[in-house]
Amino acid sequence: MEGLLDHMLRDTLTRVGGVDRCVSEFIRITDRLLPRRVFTRIVPELLHGGRTRAGVPVRAQLLGSDPQCLAENAARLAELDPEGIDLNFGCPAKTVNRHRGGAVLLDEPELVGEIVAAVRRAVPAHLPVSAKMRLGNEDRGRMLDCARAIEAAGASELVVHGRTKRDGYKPPAYWDQIAVLREAVGIDVVANGEVWTVEDALRCLEESGCTSLMLGRGMVADPGLALAVRAALGPAQGDAKDAAKSNARDHVPGATALPWPDMIPLMEGFFAQVRRNVATRHQAGRLKQWLHYLRRRYPEAEDTYQRVRTINAPDVLAMTLFGRPLDPTAPPPDAEEDELVDAFSACEADDRALDERAADLSDPDQQQDSDSLIAA
């Protein structure tokens with residue numbers, strides 16, 4: 001989710017627990033081979049073994065429509081030892097679709113298969129290649145063709161968002177249609193879409209027949225959601241459907257694994273990273289953006305948001321919420337020395353040189369700075 005769930009929020013949320021793996025924001029591939037520093041800027045976890053500070057692996061995601069160019073960039077990305085490479089066939093953003101990327105490719109299952117096959121051939125055999133798709137572009141007419149093409153091309157896993165591009169993010173998500181795709185292919189299928197609560201998660205698993213979930217906006221709104229889902233499923237997670245049925249009655253509706261007082265240090269740690277990595281004019285917006293999502297889950301977040309919604313000075317915002325300004329040059333209290341050089345700092349000189357040459361990042365769709373406030 002470009003501009004929302006970036007490396008700073010990934011770092012924060014994976015500290016809470018319950019997450020097996022993350023997928024990065026998409027890296028837009030057009031018609032050129034990107035320098036390594038583009039990959040490490042968007043996925044700085046690549047500089048630390050491909051994992052967040054909590055040890056959760058991060059799979060880097062590519063988006064584009066040129067099989068050969070995607071393959072060449074995947075090969076370069078593979079040199080950085082990611083946990084795996086994911087391919088985006090699900091983004092519904094108009095700008096992305098207009099440039100022939102994301103969900104619009106679901107009208108061309110043959111091309112989808114060519115992309116997956118080209119990337120699979122280009123990277124080492126041990127490196128997983130997965131894909132994410134929606135149920136279709138304008139309709140579901142070719143969803144089975146796309147899923148089968150992805151499987152035949154060598155992907156080891158398929159994440160399915162239970163809506164078409166035309167559906168956007170409007171409820172509901174059609175989890176029963178994910179079941180249709182799951183039954184049509186032999187690879188692992190992960191269910192995604194409109195999972196905001198434990199109850200949603202249990203129904204999604206039951207209706208889709210899947211044993212794994214991908215959480216997006218739901219976990220941004222409720223950072224304890226993954227832990228709460230695990231608690232509801234119980235120890236027998238080998239069969240998530242049966243576990244969901246047997247443990248659903250034990251879950252207290254509305255309960256959360258993370259009380260609001262525990263959210264305060266999380267937000268403080270997140271904002272400390274924002275202050276180091278994001279342009280000053282956008283810093284307050286990043287924290288208020290997260291608070292906006294938290295309002296869905298926490299009444300306290302609504303009160304907090306109303307208190308700070310007109311504050312745009314980051315120092316004032318930090319003082320109001322945390323009682324101190326959060327020096328943007330200071331390391332987080334628990335950071336190790338080798339964790340303090342992030343991709344944004346390490347690549348600063350290269351960024352300037354590249355910008356001066358107006359190369360590699362000249363495509364507006366490729367400029368995915370972490371201070372963007374667009375949630376795709």
*Taking the side chain as every heavy atom from C-beta outward, state whether L181 and V189 have any pair of such atoms under 4.5 Å apart.*
no
*Decide yes or no for V129 and S156: does some side-chain heavy atom of the first lie under 4.5 Å from some side-chain heavy atom of the second?*
no
_Donor-acceptor check, side chain of R36 to backbone of L80, threshold 3.5 angstrom: yes or no?_
no
*Under 4.0 Å between a Lys/Arg side-chain N and an Asp/Glu carboxylate O for D315 and R324?*
no
*Enter the distance from L135:CG to M143:CE here, rounded to the nearest 0.5 Å.*
6.0 Å
*Result of checking R297, R307, R295 against E302 for salt bridge (Lys or Arg N to Asp or Glu O under 4.0 Å)*: R295
*From the options L47, T40, L46, select the one residue that forms a side-chain contact (heavy atoms from CB on, under 4.5 Å) with V43.*
L46
_Quick check: closest heavy atoms across L127 and A78, and the distance to 0.1 Å?_
CD2-CB, 3.8 Å
*asked:* Under the rule for side chain to side chain donor-acceptor pair (under 3.5 Å), what residues qualify as partners of R309, not counting sequence neighbours?
replied: Q306
_For V220, is there any backbone N or O sitting under 3.5 Å from a side-chain donor or acceptor partner on W290?_
yes
_When you measure from the side chain of N97 to the backbone of K94, do you find a donor-acceptor pair of N or O atoms at a distance under 3.5 Å?_
no
*So, the side chain of S24 versus the backbone of Q61: is there a donor-acceptor pair under 3.5 Å, distance only?*
yes
*Classify the ring geometry between Y298 and W260 as parallel (under 30°), tilted (30 to 60°) or perpendicular (over 60°).*
tilted
_R142/D145 salt bridge by N-O under 4.0 Å criterion_ = yes
*Does any non-hydrogen side-chain atom of L13 lie less than 4.5 Å from one of V19?*
no
*Please answer whether the main-chain N or O of G186 pairs with a side-chain N or O of E151 as donor and acceptor at a distance below 3.5 Å.*
yes
_Against the six-membered ring of Y174, is R134 placed for a cation-pi contact (under 6.0 Å from the centre, within 45° of the normal)?_
no
*asked:* Looking at every heavy atom in both C146 and V112, which two are closest together, and how far apart are they?
replied: O-CG1, 4.5 Å
*Would you check, one step at a time, whether the test side chain to side chain contact (heavy atoms under 4.5 Å, CB included) holds for E207 with I178?*
CA-CA 8 Å; E207 291 184 27; I178 300 177; over 6 Å; no
*Would you say the side-chain atoms of R76 pair up with the backbone N or O of L34, donor to acceptor, closer than 3.5 Å?*
yes
*Identified salt bridge (Lys or Arg N to Asp or Glu O under 4.0 Å) counterpart of E45 within the set R51, R59, R10*: R10
_Any donor-acceptor pair under 3.5 Å from D262 side chain to L258 backbone_ = no
_Separation of M219 CE from L9 CG (nearest 0.5 Å)_ = 9.0 Å
*Treat each ILVMFWY residue as a node, draw an edge where side-chain heavy atoms are under 4.5 Å apart, and state whether V316 and V278 are in one component.*
yes
*When rounded to the nearest 0.5 angstrom, what distance separates CD in Q177 from CZ in R182?*
12.5 Å
*Least distance between heavy atoms, D200 atom then E194 atom*: OD2-O, 3.7 Å
*asked:* Is it the case that the side chains of Q273 and R276 hold a donor-acceptor pair, with the cut-off being a distance below 3.5 Å and no angle test?
replied: no
*Using the rule that two of Ile, Leu, Val, Met, Phe, Trp, Tyr join whenever any of their side-chain heavy atoms come within less than 4.5 Å, decide whether L326 and I264 are in one cluster.*
yes
*Can you name the nearest heavy-atom pair linking L213 to A201, along with the distance?*
CD1-CB, 3.5 Å
*asked:* Please give me the minimum heavy-atom distance between S65 and R100, naming the atom from each residue.
replied: CB-O, 3.0 Å
*How many angstroms lie between CD1 in I29 and CG in L63, if you round to the nearest 0.5 Å?*
8.5 Å
*Could you tell me the separation between the CG atom of D167 and the OH atom of Y169, rounded to the nearest 0.5 Å?*
12.0 Å
*asked:* Is it true that T52 and D11 share a donor-acceptor pair across their side chains at a distance under 3.5 Å?
replied: no
*Using modelled atom types only, decide if a donor and an acceptor are shared between the side chain of N73 and the backbone of R32 within a distance under 3.5 Å.*
yes
_Atom pair CG (L317) and CG (L291), whose distance is rounded to the nearest 0.5 Å_ = 8.0 Å
*Contact check, side chains of N88 and V96, non-hydrogen atoms, under 4.5 Å*: no
*Can you list the steps and then say if C22 with T14 is a side chain to side chain contact (heavy atoms under 4.5 Å, CB included)?*
CA-CA 9 Å; C22 296; T14 54; 3.5 Å; yes
*Is any side-chain heavy atom of L105 less than 4.5 Å from a side-chain heavy atom of M133?*
no
*Taking side chain as C-beta onward, heavy atoms only, is L321 less than 4.5 Å from V308?*
yes
*So, do N137 and T164 sit near enough that their side-chain heavy atoms are less than 4.5 Å apart?*
no
*asked:* Assess the residue pair R53 and H48 against the criterion (side chain to side chain contact (heavy atoms under 4.5 Å, CB included)); give the C-alpha distance rounded to whole Å, side-chain angles, the decisive distance to 0.1 Å, and a yes or no.
replied: CA-CA 8 Å; R53 286 192 290 172; H48 304 287; over 6 Å; no
*Short N-O contact, D20 and R230, less than 4.0 angstrom*: yes
*Could you tell me whether D6 and R286 make a salt bridge, using a distance below 4.0 angstrom between a side-chain N and a carboxylate O?*
yes
*Where do C210 and V190 come nearest, in terms of heavy atoms and distance?*
SG-C, 4.3 Å
*Donor-acceptor pair, side chain of H99 and main chain of T95, under 3.5 angstrom*: yes
*Check whether any side-chain heavy atom of W175 sits under 4.5 Å from a side-chain heavy atom of V160, and report yes or no.*
no
_side chain to side chain contact (heavy atoms under 4.5 Å, CB included) for L202 and E199? Distances and angles first, verdict last._
CA-CA 5 Å; L202 300 182; E199 290 78 11; 5.9 Å; no
*Is the charged tip of R296 near the ring of W196: under 6.0 Å from the six-membered ring centre and within 45° of its axis?*
yes
_Let's go through E157 and K132 carefully: what are the C-alpha distance in whole Å and the side-chain angles of both, what is the deciding distance for salt bridge (charged side-chain N to carboxylate O under 4.0 Å, His left out) to 0.1 Å, and is it a yes or a no?_
CA-CA 9 Å; E157 181 183 84; K132 184 180 181 184; over 6 Å; no
